[in-house]
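Note that the coordinates shown come from a computational prediction; the quantities given were computed from them, not determined experimentally. Below, read A as the first sequence line, B as the second, and so on, with proteins coming before strands; counting in each chain starts at 1.
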Amino acid sequence: MTDGPSEQQQRATRILLKKPLLRAVEVDAFRAVRPHVPQLRTWFELNTGWRLHADSDVIRLLKEPSAPDDPTRPAVDPRSKAAFSRRRYILFCLALAALERADAQIPLGRLAEQVMLLAHSPVLEGSGVEFTLAGREQKADLVAAVRLLLELGVLTRVAGDEEDYLRDTGDVLYDISRRVLSQLLASRRGPSTIDAPTLDQQLAALSAPDMFDSHDMRNRRIRHRLTRRLLDDPVLYFDELDEHEAEYLRSQRSAIIRRISEQTGLVGEIRGEGIAMVDPDDDLTDVKMPDTGTGGHVTLLLAEALAAEPDRVHSMAELHERTRRLVQAHKGYWRKTAQEPGAEVALAGTAVGRLEALRLAERREDGVRALPALARFAVAEPVVRGAGPS
Amino acid sequence: MTVDNRKHAQSESGTDSRFGVFAHLRSEHSDVYRRIMCVFVTAKERFHVHLRPADVYSEMLVDGGPVIELDDIGQKLESLEGWGNVRSDPDTSRVTAVEDFYRRRLLYQLTHAGDAAERALRTFDEALGRRGALQAVALADIELGLRELIALAADDHPDLGKLRNALNGLTARFTDLAENASAFMSSLQRSIDLQGASEEAFVAYKDKLVEYLERFIQDLVTVGASIAGLIKDIDGERIDHLLGMVASEEAADEAPDPDDPQAELARKNAHERWRNRWYGLTSWFVSADSRDSQAKLLRTRALAAIPALLDVVREVNDRRAGRSDRSADFLTLARWFALAPADGDRHRLWHSAFGLGSARHLTVDPDTLARWDADVATVGTPWSEAQPVMVSPQLRKTGSYERRGKPNQVTDRSEYKAMLAASAAEEAEQTARARQAVLTSGPVYLSQITELERPAFQLFLTLLGDALAARVPGQESAEVTVGDGSLRIRLQALPDAQIVEIPSTDGVLRGPDHIVEIVDAAADPARAGTESGAA
């Protein structure tokens with residue numbers, strides 16, 4: 001640890017892992033990361049193969065996922081926190097295509113026109129894309145996409161309010177940041193250069209590694225893949241690894257974990273079934289477990305049910321039923337809307353989503369089943385206190 | 001390729017053989033052809049008429065362009081001959097290698113038409129490609145011309161010839177400078193708008209341009225100021241007289257007969273022309289009350305151009321940052337999103353293509369961590385058998401931590417707060433005391449002011465300073481409301497005032513005696529109306 005990374009460098013690494021795109025206006029985070037860019041760039045390049053871009057406006061860690069099979073990190077509407085729908089994803093991409101061709105500024109009304117035009121472009125022919133942006137609901141989808149662009153910093157609002165646009169009472173003017181726009185795609189290859197018919201092939205092509213196939217290169221790729229998973233994902237199960245990866249991990253485990261620990265402050269939780277890099281600071285994550293609030297509580301209680309019978313698949317109907325009972329038992333603590341009829345479906349859905357995101361449970365065709373790491377939690381014995389405040 | 005070019009040449013000559021010499025411009029390799037022709041023109045300037053392909057080859061090694069193979073040059077020369085730009089003669093000189101002997105050896109020279117075409121192209125390039133350049137040397141010349149003019153003006157009977165020379169020289173240089181400046185400004189604007197300039201050319205050009213701008217601004221500031229100084233020094237009437245003399249002489253050339261009524265008119269016109277030129281020169285360098293000089297405008301403009309240029313550089317770099325056509329990339333992604341079978345697939349696509357998600361990790365509490373450290377045997381055991389992370393029963397029961405453990409250890413800051421409050425109170429009291437101490441009981445002489453405590457004296461000095469600053473020269477008295485508006489000071493100067501001394505803890509204040517009155521503004525409502533006028 002003598003010449004390991006400094007505390008500031010650890011902090012910079014964690015900031016970037018949590019938020020891979022930083023803009024200069026996010027002053028504190030930007031300043032915390034900027035001085036460490038050269039070291040971080042070397043580290044990420046060596047250990048993960050992720051590129052780190054930095055200029056005076058943007059710092060961007062171009063995170064390619066370890067494996068293109070993670071459905072638990074959707075784009076979310078910054079306001080409602082709801083995952084993007086098909087329409088919103090398409091509108092988001094069309095808006096980016098329009099912005100790419102726009103001048104330095106654009107009003108929302110103009111952007112909407114451009115998006116409509118692009119929706120008729122030959123590229124999209126036969127994909128069933130149909131936009132009119134006529135009603136309020138349709139416009140709301142565009143506004144959700146724009147809000148994400150605002151949050152990412154591709155757009156900066158100059159004047160106006162999106163609400164006015166929705167109500168047809170006004171327009172909104174934005175500045176476009178070319179720097180941010182040019183750093184948005186993380187894939188090594190431009191999608192337009194890929195001609196693959198199925199999604200899996202498309203995803204594979206997006207992160208296609210260079211074609212050299214020497215022994216060293218293969219080892220490096222394996223190291224990158226393993227490190228990426230440990231750095232970015234909550235749990236790495238050994239049974240997901242192929243033969244080469246398992247072999248490499250067996251021989252290099254302690255070195256890989258030590259490097260990650262030094263760089264991030266995460267601690268390796270090494271178990272029979274897999275490895276979790278856990279965070280003593282309880283900060284380097286977007287989903288917490290255990291968590292407070294109604295959502296966190298439902299998750300905890302359903303997790304308990306799943307963990308009680310780890311080998312059984314619990315059907316969603318079963319989980320809905322259980323949630324309904326939980327609502328009755330905890331209505332004093334939970335938010336009011338939990339008691340509305342049918343709320344248990346949404347509650348159970350969110351809870352399972354969280355467990356899935358944390359790799360503690362898996363969703364299958366016929367229901368949900370616990371994954372081994374779920375067993376790491378137990379409810380502590382209640383502590384009986386003496387005279388102190390209870 | 002050769003065959004191709006020849007075909008091209010023939011079709012060109014078929015339409016109008018006179019312009020065949022321009023055919024190479026439309027060829028794919030027009031840049032190579034132009035380089036070859038350039039070698040011929042340069043050689044001709046050195047009176048070398050005949051060139052071997054090898055000569056052309058060696059000249060082109062040093063002209064800065066990419067290397068062209070000798071064989072290729074031979075082919076290109078044949079093409080040029082086909083178009084009529086050059087003419088070949090057999091080369092009969094000795095060779096020293098067998099292969100040279102077998103090689104078809106020719107000497108080339110420019111044809112008349114080829115030469116004319118090349119000259120026309122150069123003119124064309126100059127006229128269109130000309131980026132206005134500002135000659136710093138013109139500034140120096142103008143300065144020199146002005147000095148000469150001043151020397152002549154000092155002479156009672158200046159040499160008319162020298163005078164005319166000096167004025168004409170000055171006019172010529174100045175016209176150059178003004179024209180250049182306007183060309184420069186428009187070419188600068190072209191660069192900034194990225195019109196007609198390729199991005200590569202611009203990036204290569206911008207360093208030089210910025211450096212040049214900085215140097216020019218420097219010159220404009222120093223030499224421009226010196227020129228403006230000289231112009232101001234020159235006596236207006238004297239110069240007008242000199243201009244009149246030159247004008248008379250010019251008019252005499254136009255209408256030699258002094259009795260001709262046209263002569264007087266010609267002289268007047270000539271004088272007016274010279275006056276205009278002089279005015280132009282003056283207004284270029286000297287700012288008048290109502291308008292800035294051209295030189296100043298130019299300087300401002302050039303200064304503003306530097307950041308604008310850097311912005312363009314940034315934009316160009318941004319455009320280059322995307323390797324593929326980003327717009328097409330996003331459209332393709334839109335298509336993929338549209339065709340993806342399920343929501344989960346779209347989320348996968350989002351995560352893969354944009355990689356904007358947060359890292360996601362489970363947590364561990366310090367107690368558990370300590371237990372793990374103590375018991376290394378947990379490493380590698382199944383999760384169900386290892387020591388678990390404990391979830392608080394409170395959280396399990398209610399979904400919140402609120403009643404867990406002891407109340408938070410919030411630092412007790414009441415002591416510091418009390419200290420802060422006390423010091424704030426003390427300060428406020430001190431201010432109030434000082435305020436009270438400087439109030440006068442009606443108008444008093446400065447000499448009557450007795451020793452003041454330090455805070456009071458500081459306040460008194462501030463008041464006095466503000467009042468003195470507010471006093472309009474020539475007026476005896478001043479009245480001003482100061483600081484937070486709570487105090488008002490009136491000051492009245494005395495004729496033949498004595499120097500008075502006011503002692504204080506920090507030293508002695510000396511100055512001419514005044515009548516001074518300091519009142520509490522709140523208690524002095526009578527003057528409230530006049531206050532704004534006095535301040």
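Seen from the ring of B:Trp350, A:Arg88 does not count as a face-on cation partner, given the 6.0 Å and 45° thresholds.
A donor-acceptor contact closer than 3.5 angstrom links the side chains of A:Glu269 and B:Trp383.
Only the side chain of A:Val129 has a heavy atom closer than 4.5 Å to any heavy atom of chain B. Using a 4.5 Å cut-off between heavy atoms, A:Arg60 contacts chain B through its side chain alone, with no backbone atom that close. Both the backbone and the side chain of A:Lys18 come within less than 4.5 Å of a heavy atom of chain B. The contact between B:Pro382 and chain A is made by backbone and side chain atoms together, counting heavy-atom distances below 4.5 Å. With a threshold of 4.5 angstrom between heavy atoms, A:Arg363 does not approach chain B through any atom at all. For chain B, the nearby parts of A:Val123 are the backbone and the side chain; heavy atoms of each come within less than 4.5 Å.
Aromatic ring centroids of B:Phe337 and A:Phe84 lie 6.0 Å or more apart.
Comparing B:Glu385, B:Met390, B:His351, B:Arg360 by how many heavy-atom pairs each has under 4.5 Å with chain A, the most go to B:Arg360. Contact count against chain A (heavy-atom pairs under 4.5 Å) is highest for B:Leu369 among B:Thr368, B:Leu369, B:Asp343. Most heavy-atom pairs under 4.5 Å with chain A, from the set B:Gly355, B:Pro388, B:Gly399, B:Ala359: that is B:Ala359. With respect to chain B, the highest number of heavy-atom pairs below 4.5 Å among A:Leu231, A:Leu118, A:Leu21 belongs to A:Leu231.
Note: A:His330 and A:Trp334 have parallel aromatic rings, judged against thresholds of 30 and 60 degrees for the angle between ring planes.
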